[in-house]
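Remarks on the structure that follows.
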Amino acid sequence: MNVVPLPRRRSLGQVHVAKVTLAHGGGGKAMKDLIDDVFVSAFNNCLLGPLEDQARIDLSALAAHGDRLAFTTDSFVVDPLFFPGGDIGKLAVCGTVNDLAVGGARPLYLSCAAIIEEGVELDLLRRIAKSMAEMAQQAGVQFVTGDTKVVQKGACDKVFLTTTGVGVIRPDRSLGADRARPGDVVIVNGLLGDHGAAILGARGDMQLDSPIESDCAPLNGLIEALLTAAPGTRALRDATRGGLATVLNEFAEASQAAIEIDEDMTPLRSEVKGFCEILGLDPLYLANEGKIVAVVPADEADKALVALRAHPFGREASAIGVVRSGEPGRVTMKTVFGGTRIVDTLVGEQLPRIC
Amino acid sequence: MKYVDEFRDAQKAKSLLHEIEILVKAIPIAKERPIAIMEVCGGHTHSIFRYGLEGMLPKEIELVHGPGCPVCVLPMGRVDDCVAVAKRPEVIFATFGDAMRVPGSKGSLLQAKADGADVRMVYSPMDALALAKKHSDREVVFFAIGFETTIPSTALTVLQAKADGIKNFSLFCNHITIVPTIKAILDSPDLQLDGFLGPGHVSMVIGTGPYEFVANYYKRPMVVAGFEPLDVLQSIWMVLKQIKEGRSEIENQYARIVPEGGNSPALAAVAEVYELREFFEWRGLGSIDHSGVKLRDAYAEYDAERKFIIPNIKIADPKSCQCGEVLKGVIKPWQCKVFGSACTPETPLGALMVSSEGACAAYYQYGGVKKYEAAS
């Protein structure tokens, strides 16, 4: 008689102490309990379930989506961990999803590596994992593998996350920073600088009446809508660290073209504007976590704007400038005042003024 | 009124520029040479470049950029002093962000931080005092720089520290005063200036009275100016009007912020805590009498120079550095031999290239690299 053993359903471990200790990084039962309690229960899916050392993904299923694999990685060290409009977990998912989507890829799978400082509260980790799971579901992606380390107090700042993502690009998509051409239109999907201002506001003592919220959002749906309406889109980037100005400089340099934007058309929330005025910061360099910069051929610009504005993450989309033949790599801005100034790449960090 | 957009109105700018053009044509000397107007304050320099004002004015007007950037005029030796204090294991060195990148002879405060010095960025001296209260086992030293704009806030912080009995707090005082600066500029044989835009926020503290010597003795017009582009344009117009009418007076364009008599409580706090130094060393300008302040003996316990042994070594500027000439307005940023080559925001030789109010930084960031290229 052949007895086929039934597959055993593993029961998930739980952590019963309030704070993470070095034992939770030791590789033994304590670590399994931590992984189960915090991550597996939140990310629960069939690819993660087996908990092998690697996730295994069917290649032919992937190939059905397109002809190129898109592959990206990002680390997240934001402080504070929770801020108006988001948290490190939400940031991690959106950041990685967006990095894939701006390449025209359909984001599919993510990994999550966490470095945790001893002494961090378990509840904090659970909140972060829950946020990641919710955001992954919203974006239509899955966490399929991960890693966890616990380090001594002081060796890292509470939690550091690294997420890697893979997606697949359709054969008819070819976006590239070097594809901008004179006459193309530069479009953004909404108000700029919210994330950078939110983080600075959450850290410092600005005591604002209405705290500025981060714009952190997964943009793959928005980008699909854009690329469907404007298939000739040349280039897409998300305007994260370094802000809009940095992306424009990257486009101008790679395409060896000049870009001119209009300060009047560059949308800013009035609170962000005021915040920047007080501190002497330039909103063009503030980070965004839910904004893309698109270079679109002139004859598709209107359709692009309509498609963006129809989407919840693109209501305030605006055409902010044009690509010109001019000094290659030069980005300029026509000020509200009628003058012209250069918009250079950020050097170092923006620091608030003294007087 | 939000006091931002209204003062950046392009239509009003056009009318002002038109008026300026009419005025300039009515000034005879403008036919022979450009009318040179100096903006003393680095904030004005920044505004001028950010809005591209220089390019919008008629060519008969030359804007000369003055030394009113407290970070820019800090001698390298003083930065070395900061780094020496910051490196002490018991010290938390608190500073405004802008000062962190200024190069000393052995690196900046930012580099010292990367090497392990506890250097922290604060937005105000009161943040530094809060650090002292929080870390009673450490010595908190605040890098006090700035013209009269920031002197009251550090004075009030010292008074608060005394009232609260805080012992582990001190200032490394590098405050400087504007009047000797302007006098040094006027006495300089290298410069031929026809008028001044006066510093807006310094005047908010000291009022307009202290500048009377500019009009009465040196017979030059000065208009205390706000920082929005319309403020700057209107102030230039007011200076030109004085020149045309042969007047030399101190006028206040920034009246919405600047009271004629200054801010009495601020001035009282300053007088209580500080006294003038005999002289103070300025980068590029040399030693200027009575141009700096130091803590009075009654507040010696809050004086980092008395609490710690400060190296106090005079360091000469790098040979290729022409900061002094740019600070005095003798040359423009792009005329400096190393502008944009050996001296860039990533590899600065002097503070003018890293401070947010430095003329070189403003020029490099906002434009005029066109002009630089045209000149070379």
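All values derive from a computational prediction rather than experimental measurement. The sequence lines fix the lettering, A, B, ..., with proteins before strands; numbering per chain opens at 1. Values reported hereafter were calculated over all heavy atoms of this structure, with side chains retained and with hydrogens, waters and symmetry mates removed.
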Exercise. How long is the span from the OH atom in B:Y123 to the CG atom in A:L200, to the nearest 0.5 Å?
Worked result: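 The distance works out to 5.0 Å.
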Problem set entry | Reported CZ-to-CD1 distance for the pair B:R50 and A:I342, which is rounded to 0.5 angstrom | 15.0 Å
Exercise. What closest approach, in Å, do B:Y51 and A:T335 show between heavy atoms, and which atom pair accounts for it?
Worked result: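 Distance-wise, the nearest heavy atoms are O-OG1, 4.2 Å.
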For this session: Write down the atom of A:R341, the atom of B:F49, and the distance for their closest heavy-atom approach.
Result: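 Heavy atoms only, the tightest pair is CB-O, 4.3 Å.
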Enclosure of [X] [atom1] (heavy-atom neighbours >12, cutoff 6.0 Å):
| X | atom1 | value |
| --- | --- | --- |
| B:R256 | CZ | yes |
| A:Q256 | CD | yes |
| B:K133 | NZ | yes |
| B:E6 | CD | yes |

Exercise. Under a 4.5 Å heavy-atom cut-off, does chain A meet the side chain of B:L110, its backbone, both or neither?
Worked result: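 When you check distances to chain A, no heavy atom of B:L110 falls under 4.5 Å.
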Problem set entry | Segment of B:L233 engaging chain A (4.5 angstrom heavy-atom cut-off) | side chain
Problem set entry | Options B:G42, B:G52, B:C41, B:A10, ranked by heavy-atom pairs under 4.5 Å with chain A, top entry |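 Looking at each option in turn, the highest pair count goes to B:A10.
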